[in-house]
A.B. asks: 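Below you will find the structure I want to go over with you.
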Amino acid sequence: MKSFETLGLSRGLAESVKHIGFEIPTPIQENAIPVLLEGNRDFVGLAQTGTGKTAAFGLPLIELCDPDSWETQALILAPTRELCVQIAGDLERFSGSYRKFNLVAVYGGSSISDQIKKIKKGAQIIVATPGRLIDLIGRKAVRLETIRYVVLDEADEMLNMGFKEDLDEILSHTPSDKSTWLFSATMPAEVRRIMKNYMYDPHELTIGEKNSGNTNIEHQFILIREKDRYAVLKRLLDFHPDVFGLIFCRTRVDTQRVADQLIKDGYNADALHGDLTQQQRDKVMKSFRQRAIRVLVATDVAARGIDVDDITHVIHMNIPDEIEFYTHRSGRTARAGKKGISVALATKGELGKIRQIEKMIRTTITRVPIPSGVDICRKRLLALMRRVHDVKVQESAIAGFLPDVYEELKDLSREDIIKRFASIEFNRFLDYYGNVEDPDAGLEGEGRTERYATGSRIFINLGKMDGLDKAGLIELIDECCGLGKKDIGKIELKGAYSFFEIDTANVTIVREGFGDVSFRGRAVRVEVTGKKPTDTKRKKKDKYRKGEVWRSRKGVKV
Ligand code: AMP
């Protein structure tokens, strides 16, 4: 097993990181540190947040920068204030007493004159958001000509946030012989453009599969009706008594509304979005880090750079408009080798996006049911009982009070005491869930079942005109493909054709199953189709006529 010293770090620095609890390098550290220590190579690291990338670039920077020179030697750009503060703090922690650098973090929302004063004292390493750095360049408060290393952290996020021009301008102020180290969770065209324009033959490193999320994240979705969105969120939170979660909404207004509603309903929740002042945002983040807030409701932009460990759940109130955001959102859980759950609330209309995301992250997003009232009550009751079982009894402190307690309960049997005790917490949930209908009711009957994750919609050139009804079609699918009723989702029976839904994993079975089939003298053809056909329907029909689509060939009669 590799140690930090065998990667080429000096003993002093290795000791210093050991002191803060880093004994074994993470994969990105193991692979990046030896390359970056060479000091003269451009570098691209494709890695999710939480993989330990700050130390992967931070430790080589500490070794390569000269503590005796007061010139600005390294510039680290990051998308948000939170991330800047975090990186600066991490670098200081890493170097400990090994080396002291004058590190200055500059970002919007804080006094620029204070930041200028700090830079004037001599900033050996600057950590900046692009916008604020542009301001400082405009005021001639920073000199970037002496920079030897530029780190672009979360490059995709900076570009998503519209910092493209700022990055171009900043990079144009840095010397051409510097080394550029770029880190990104995803590799969209814009990041490639930066690589092409500003980097020379970079050493590329991918941690995990390209575009695949962190494998410690379990990806789930819950199929909901639009009107039930908030109620399902509440159920999800109730079903996970130990949740420490981040909830994403699309807009600031939604974010505040959901947070307000949660607070009203008794949850330890708060909101984080761009309408808050910097002080308010800092306060919210502090409470979240200290776990005083158990669920933080945030917009995509505000939540960038949130680097709180141990987040158990990332909940997507809606699927993000930009599907790339999904990766950024879910990357806030399962940090530093821990496990986490990303769960999206999706209506039927959003299932197409779920499929796109599955393709992007190359992972199945598994459908999970809406927790039923009974399940929630059971889970809460057991959680309470576990707490009772595990609570530490302060024997001597409580001893003096116990005689009165026993006296108070003397008429009750053991069973009665347990029942009543459990009811104190249980009644709260029973009162609520005992009176509301489970929102899932009705959805199952409409088609998709829990057995399959995301479905594919199949066109088949048979319909009512062929004497088929739903039962007949199911029977035919069963006979040809071996799939039963449980494997088939929604069926739409038309005159000359029909549609049915199946698990995407069964598409090949259906294609092959119908590959050699005729029904009442007609060759059966099936095709995977998208949403309900609209304008494209006619074109497709024409295509069918031309025989361009897959069709059954062998003509076996059924
Ligand atoms: P990062 O991706 O740099 O934000 O790091 C994610 C988390 O992993 C942070 O809490 C780090 O302190 C922690 N971490 C980074 N490297 C190591 C390591 N080698 N051993 C243990 N924890 C680490």
Side-chain angles (χ1 to χ4, degrees), residues 1-11 13-34 36-37 43-63 74 76-96 98 103 105 125 127 129 151-158 181-186 205-208 213-217 244 246 285-286 288-291 303-312 314 327-340:
M1 203 169 285
K2 294 245 165 104
S3 69
F4 281 102
E5 245 178 295
T6 58
L7 300 181
L9 294 184
S10 61
R11 172 170 296 183
L13 187 52
E15 287 290 323
S16 179
V17 287
K18 197 169 172 186
H19 198 66
I20 57 167
F22 294 7
E23 303 228 342
I24 300 156
T26 65
I28 191 164
Q29 291 160 2
E30 187 177 325
N31 290 290
I33 289 174
L36 297 180
L37 279 175
F43 178 91
V44 172
L46 197 54
Q48 308 290 316
T49 63
T51 48
K53 64 185 164 56
T54 317
F57 66 75
L59 298 176
L61 273 189
I62 291 168
E63 292 287 25
I76 302 167
L77 291 171
T80 60
R81 170 201 163 105
E82 283 77 14
L83 197 54
C84 282
V85 172
Q86 170 75 20
I87 293 171
D90 277 355
L91 260 57
E92 268 165 5
R93 251 179 356 121
F94 298 157
S95 53
Y98 169 65
L103 253 144
I125 300 176
V127 192
T129 51
V151 180
L152 305 174
D153 195 15
E154 304 208 353
D156 49 352
E157 297 230 19
M158 288 197 277
W181 304 345
L182 180 150
F183 291 84
S184 192
T186 57
L205 176 68
T206 302
I207 294 298
N214 172 342
T215 49
N216 282 333
I217 304 174
F244 179 53
L246 196 51
M285 279 312 298
K286 193 167 170 220
F288 189 51
R289 271 181 224 288
Q290 292 172 343
R291 313 288 166 100
R304 286 199 175 122
I306 287 187
D307 56 344
V308 177
D309 286 344
D310 299 325
I311 290 179
T312 59
V314 165
T327 320
H328 298 305
R329 288 176 170 190
S330 44
R332 302 295 155 207
T333 183
R335 293 168 58 81
K338 310 225 175 74
K339 302 252 179 230

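As the structure lists them, so they are numbered: ligands from 1, and atoms in each ligand from 1.
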A.B. asks: Which atoms from ligand 1 have a heavy atom of T54 less than 4.0 Å away?
C.D. replies: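 With T54 as reference, the close atoms of ligand 1 come out as 1 (P), 3 (O), 4 (O).
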A.B. asks: Rounded to the nearest 0.5 Å, what's the gap from CZ on F4 to CG on L59? Could you check?
C.D. replies: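 The CG atom of L59 is 6.0 Å from CZ of F4, to the nearest 0.5 Å.
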A.B. asks: With atom 5 (O) of ligand 1 as the reference point, say which of G52, G58, G331, P25 has the nearest heavy atom.
C.D. replies: G52
A.B. asks: Should K18 be listed as contacting ligand 1, given a heavy-atom distance under 4.0 Å as the test?
C.D. replies: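 The answer is no: ligand 1 sits nowhere under 4.0 Å from a heavy atom of K18.
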A.B. asks: Quick one: does ligand 1 sit under 4.0 Å from the side chain of Q86, the backbone, both or neither, non-hydrogen atoms only?
C.D. replies: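 Neither part.
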A.B. asks: May I ask you to check if ligand 1 and D90 share an N or O to N or O distance below 3.5 Å?
C.D. replies: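 For ligand 1, there is no N or O atom that lies under 3.5 Å from one belonging to D90.
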A.B. asks: Measure the spacing between CG of L182 and CG of L77 and express it to the nearest 0.5 Å.
C.D. replies: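 Reported to 0.5 Å precision, the distance equals 10.5 Å.
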A.B. asks: Check each heavy atom of E30 against ligand 1 and say whether those closer than 4.0 Å belong to the side chain, the backbone, both or neither.
C.D. replies: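 Neither part.
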A.B. asks: Quick check on contacts: which atoms of ligand 1 are under 4.0 angstrom from a heavy atom of T51?
C.D. replies: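 Those atoms are 2 (O).
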A.B. asks: What atoms in ligand 1 come closer than 4.0 Å to a heavy atom of F4?
C.D. replies: 19 (N)
A.B. asks: Could you tell me whether some N/O pair between D309 and ligand 1 is separated by less than 3.5 angstrom?
C.D. replies: yes
A.B. asks: For the backbone of R81 and the side chain of T129, can you confirm whether one donor and one acceptor N or O come within less than 3.5 Å of each other?
C.D. replies: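 No, because the side chain of T129 does not come within donor-acceptor range (under 3.5 Å) of the backbone of R81.
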A.B. asks: Please assess L9 against I33 for the test side chain to side chain contact (heavy atoms under 4.5 Å, CB included), listing each intermediate value before the final yes or no.
C.D. replies: CA-CA 8 Å; L9 294 184; I33 289 174; 3.9 Å; yes
A.B. asks: For the ring pair F43 and F57, is the centre-to-centre distance below 6.0 Å?
C.D. replies: no
A.B. asks: Would you call V151 and L61 a side-chain contact if the rule is heavy atoms closer than 4.5 Å?
C.D. replies: yes
A.B. asks: Using a strict 4.0 Å threshold on nitrogen-to-oxygen distance, state whether E157 and R332 make a salt bridge.
C.D. replies: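 A salt bridge links E157 with R332.
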A.B. asks: Just which atoms of ligand 1 are under 4.0 Å from any heavy atom in I24?
C.D. replies: 18 (C), 19 (N), 20 (N)
A.B. asks: Which ligand 1 atoms does R93 reach within 4.0 Å, using its non-hydrogen atoms?
C.D. replies: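 Listed by number with element, the hits are 12 (O).
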A.B. asks: Just to verify, what does E5 make a side chain to side chain contact (heavy atoms under 4.5 Å, CB included) with, not counting sequence neighbours?
C.D. replies: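 For E5 the side chain to side chain contact (heavy atoms under 4.5 Å, CB included) partners, ignoring immediate neighbours, are S3, R11, A14.
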